[in-house]
Amino acid sequence: MADPGSTRICAAPKWHGERCGRGAKKAVTVQRYHFHCVGRDGDAVFDLAGRWVPRLRALGPQADRVARTLMSGALDTDWSDWLVDVHDARGRRVLVRAFTDARPAR
């Protein structure tokens, strides 16, 4: 049985939540993850809605995008002590990435 925060969809969904049909060759489980951004001084930006991510290896690039987006909104802020703290739908921490480790966009 899938996690309550996950949805099984076809490998190439047309829209969020598309269910696999009978002839589907491969299914993937898409999970909702929350990308909270926290600073050392107690500042935080919480991701209450979360984002649907198709696979675990996509979490790092998504965390990088979240960090870059937040940093681009306040260029004069010191982001060196900030982290992207990623949690799954059950609240379990699955990844922590420093803003300073965010890779540039491709």
Side-chain angles (χ1 to χ4, degrees):
M1 186 165 120
D3 266 344
S6 67
T7 304
R8 288 186 64 78
I9 61 173
C10 299
K14 294 181 180 133
W15 63 86
H16 164 71
E18 177 183 1
R19 299 269 176 206
C20 293
R22 246 182 169 178
K25 294 180 181 176
K26 181 179 174 185
V28 295
T29 300
V30 176
Q31 280 242 353
R32 182 182 298 272
Y33 293 93
H34 298 272
F35 293 80
H36 306 304
C37 298
V38 294
R40 182 173 292 174
D41 296 329
D43 294 328
V45 177
F46 295 105
D47 177 12
L48 300 179
R51 292 164 172 76
W52 293 95
V53 180
R55 55 191 62 81
L56 284 175
R57 67 179 168 197
L59 290 176
Q62 180 63 38
D64 292 345
R65 282 190 291 278
V66 168
R68 285 193 310 270
T69 300
L70 194 56
M71 288 189 287
S72 70
L75 298 174
D76 59 339
T77 303
D78 177 16
W79 297 105
S80 60
D81 292 335
W82 281 71
L83 302 169
V84 180
D85 192 10
V86 183
H87 294 258
D88 67 9
R90 291 185 175 182
R92 297 174 295 202
R93 177 181 282 159
V94 294
L95 176 73
V96 175
R97 171 87 48 114
F99 273 39
T100 54
D101 293 339
R103 296 183 184 99
R106 292 183 185 186

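- Counting only heavy atoms from C-beta outward, the side chains of Phe99 and Asp78 never approach each other to under 4.5 Å.
- No side-chain donor-acceptor contact under 3.5 Å links Trp79 to the backbone of Ala67.
- Checked by atom type and distance alone, the side chain of Arg40 never pairs as donor or acceptor with a backbone atom of Ser80 at under 3.5 Å.
- Linking ILVMFWY side-chain heavy atoms closer than 4.5 Å, directly or via other members, places Leu70 and Val86 in a single hydrophobic cluster.
- Ring planes of His34 and His36: parallel class, angle under 30° (limits at 30 and 60°).
- Side-chain heavy atoms closer than 4.5 Å link hydrophobic residues (I, L, V, M, F, W, Y) into clusters, and following such links, possibly through other members, connects Met71 to Val84.
- Of the candidates Val30, Asp88, Leu59, Leu59 is the only one forming a side chain to side chain contact (heavy atoms under 4.5 Å, CB included) with Val53.
- A heavy-atom distance below 4.5 Å is found between the side chains of Arg51 and Val66.
- Both Phe35 and Val45 sit in one connected hydrophobic cluster of ILVMFWY residues. Membership requires side-chain heavy atoms under 4.5 Å apart, directly or through other members.
- Linking Ile, Leu, Val, Met, Phe, Trp and Tyr residues whenever their side-chain heavy atoms come within less than 4.5 Å leaves Leu95 and Phe46 in two separate clusters.
- Between Arg32 and Gly50, the closest heavy-atom pair is NH1-O, 3.8 Å.
- Nearest heavy-atom pair, His87 versus Asp85, reported as atom, atom and distance to 0.1 Å: NE2-OD2, 3.2 Å.
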Item to check | From CA spacing to verdict: side chain to side chain contact (heavy atoms under 4.5 Å, CB included), Arg97, Asp64 | outcome: CA-CA 8 Å; Arg97 171 87 48 114; Asp64 292 345; 2.7 Å; yes
